[in-house]
Amino acid sequence: MAIGKVLGCAGFQHSAVPTLREPVRLRAQCRRRGKTVSMSVQKTSKTVQQAEKMSQEFRQSSSTPLPLLHQVADALVQEMYAGLASEGGSDQLKMLPTYVENLPSGSEKGLFYAVDLGGTNFRVLRVELGGKTGQILSQEFKEVVIPPELMVGTGKDLFDFIAGTLASFVDTEDESIKAHFVQSGKTRESGFAFSFPVRQTSVKSGIVIHWTKGFKVDDAVGKDIVKQFQDAISRSNHQIMISALVNDTVGTLAGGRFNFDEETMIGCIIGTGTNACYVERADAVHKWDEPLPKSGEMVINMEWGNFRSPYLPRTFADETVDKDSVNPGDQWFEKMISGMYLGEIVRLVLARMAKEAELFGGNVPVKLLERLTLGTPHVSKIHLDNSPDLDVVAKVLKDVFEIETTTLEERKIVHEVCDIMGERGGRLAAAGLYGILKKIGRTGKSRNGSKKKTVIAMDGGLFEHHVRYRSYMEEALQELMGSDAAYEVALRLQNDGSGIGAALLAASHSHFK
Ligand code: BGC
């Protein structure tokens with residue numbers, strides 16, 4: 001939404017559709033009642049102008065024109081090559097081999113579990129795979145919130161908590177399911193979707209490199225994550241075997257292959273955090289020093305959240321978000337585009353406008369100065385508000401920041417700030433995907449001779465629920481790909497990709513095959 005220029009106090013307006021002048025009119029009515037209010041008329045008009053000017057500057061410094069997106073994509077491709085060349089070849093992109101050489105074929109069969117640890121919620125699920133039918137016959141899940149103290153506590157406490165949740169899930173299963181495992185003599189097998197950077201040592205083991213997304217469980221770093229979890233399962237006196245360790249992007253890619261078609265080449269998450277993985281030619285992974293897989297392919301977990309480049313349009317708000325985070329200096333790309341940070345960026349911009357341009361009146365609302373008060377779902381709600389009076393914006397400002405009354409002009413500015421951030425995030429994410437497509441020769445004339453559409457399996461709350469963000473992303477991808485884009489590439493939502501994909505990979509790597 002573009003914000004027009006405020007023209008100053010121009011008397012009464014009679015249009016039914018509110019305009020930027022309307023708040024001036026409302027205050028002008030009051031003016032007749034006394035001098036004090038009359039001063040506030042002038043001030044409001046002037047402060048809104050100033051806030052608007054700030055928002056225009058902010059739009060300018062966050063802008064992502066097409067040439068810049070190409071530069072971002074090219075910089076990413078360069079880092080991809082460096083990261084594949086040698087361990088630590090890129091200090092940004094880890095380009096981690098996942099040991100996943102074959103993606104699900106649709107023939108996976110049986111009852112499998114998945115545990116999904118990747119954000120503030122933890123999920124356990126059981127999936128019944130139908131074999132040749134390539135179908136999921138049934139699924140059941142349980143979701144719990146990770147207590148915040150466990151996100152920054154010890155590995156033992158965190159893993160005891162998730163093992164306990166898994167244990168209570170299987171303890172409360174139907175008798176028929178319990179009987180199935182007793183009669184078949186099989187141990188329950190689970191995939192482990194663990195959505196943090198891990199250097200895998202096999203398809204079911206890997207060393208935690210570091211944490212992201214507000215987690216900081218220091219004593220778990222440098223150790224095998226599956227062993228830590230498996231030990232906690234043993235402490236809970238249950239027998240459940242982890243058969244596959246899977247990043248959520250890899251789960252999403254696997255689920256996409258299972259559901260869509262074999263041209264699904266990329267898995268991408270835009271949620272609390274962000275990342276992408278893709279199918280690479282094994283011989284292009286120069287740092288791989290083990291025998292080449294028979295399939296000739298290897299799924300690479302890029303950990304693109306740590307991408308950084310001088311082309312990324314960073315603002316003061318990005319710097320503050322980074323400085324105040326538990327991992328300053330890391331995950332720049334993630335901090336600019338993902339759900340964990342979008343609300344905070346918007347809050348910081350509004351707080352600056354409140355301080356410097358007296359947006360929301362002379363006193364800066366106290367809640368506006370509190371960190372992390374505005375969540376990304378709020379930003380999404382604001383962004384989607386197309387009511388003439390921006391009623392949803394008013395409600396969010398009241399509920400979150402306790403700002404009781406706002407003028408339409410102020411609400412338009414808040415809407416504008418959310419639009420600027422949504423547009424920047426969506427477009428930068430598209431540039432990232434375009435970089436991968438370029439790397440694997442799936443753009444324009446170099447499309448590997450394939451006539452089929454390349455599918456990108458997408459998951460993550462921000463992509464799923466923030467419709468405007470998603471449209472910005474789709475539009476930018478189209479711009480980058482040029483006129484054949486619709487023919488060449490499709491973004492498909494793979495709901496609960498990580499969990500289902502982890503269960504599928506547990507099935508394809510089952511000990512009982
Ligand atoms: C993690 C990735 C993960 C992504 C999406 C990032 O913070 O480093 O491993 O895939 O979030 O959940």
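Quick note: residue numbers are just sequence positions, from 1. Counting starts at 1 for both ligands and their atoms, following the listed order.
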If you look at each N/O of ligand 1, which protein N/O atoms lie under 3.5 Å away, and at what distance?
from, atom 1, to, atom 2, distance (Å)
ligand 1, 7 (O), Thr212, OG1, 2.7
ligand 1, 7 (O), Glu334, OE1, 2.7
ligand 1, 7 (O), Glu334, OE2, 3.1
ligand 1, 8 (O), Thr212, OG1, 3.4
ligand 1, 8 (O), Glu303, OE1, 2.7
ligand 1, 9 (O), Ser195, O, 3.4
ligand 1, 9 (O), Phe196, N, 3.3
ligand 1, 9 (O), Asn247, ND2, 2.8
ligand 1, 9 (O), Glu303, OE1, 3.3
ligand 1, 9 (O), Glu303, OE2, 2.6
ligand 1, 10 (O), Asn247, OD1, 3.1
ligand 1, 10 (O), Asn247, ND2, 3.3
ligand 1, 10 (O), Asp248, OD1, 2.5
ligand 1, 10 (O), Asn275, ND2, 3.1
ligand 1, 11 (O), Lys213, NZ, 3.0
ligand 1, 11 (O), Glu334, OE1, 3.4
ligand 1, 12 (O), Lys213, NZ, 2.8
ligand 1, 12 (O), Asp248, OD2, 2.6

task: Using the test side chain to side chain donor-acceptor pair (under 3.5 Å), find all partners of Asn102 that sit at least two apart in sequence or belong to another chain.
output: none
field: side chain to side chain donor-acceptor pair (under 3.5 Å) against Thr154, all qualifying residues, sequence neighbours excluded
entry: Asp157
query: Are a donor atom and an acceptor atom from the side chains of Asn306 and Glu334 found within less than 3.5 Å of each other?
result: no
Just list the side-chain donor-acceptor pairs under 3.5 Å for residues 423-431, sequence neighbours left out, or say none.
from, atom 1, to, atom 2, distance (Å)
Glu423, OE1, Arg59, NH1, 2.9
Arg424, NH1, Pro313, O, 2.9
Arg424, NH1, Asp318, OD2, 2.8
Arg424, NH2, Asp318, OD1, 2.8
Arg427, NE, Thr64, O, 3.0
Arg427, NE, Thr64, OG1, 2.9
Arg427, NH1, Glu479, OE2, 3.0
Arg427, NH2, Thr64, O, 2.9
Arg427, NH2, Glu479, OE1, 3.3

Under 3.5 Å donor-acceptor, Ser195 side chain and Gly118 backbone: no
task: Run the salt-bridge test on Lys227 and Asp231 with the 4.0 Å N-O cut-off and return the result as yes or no.
output: yes
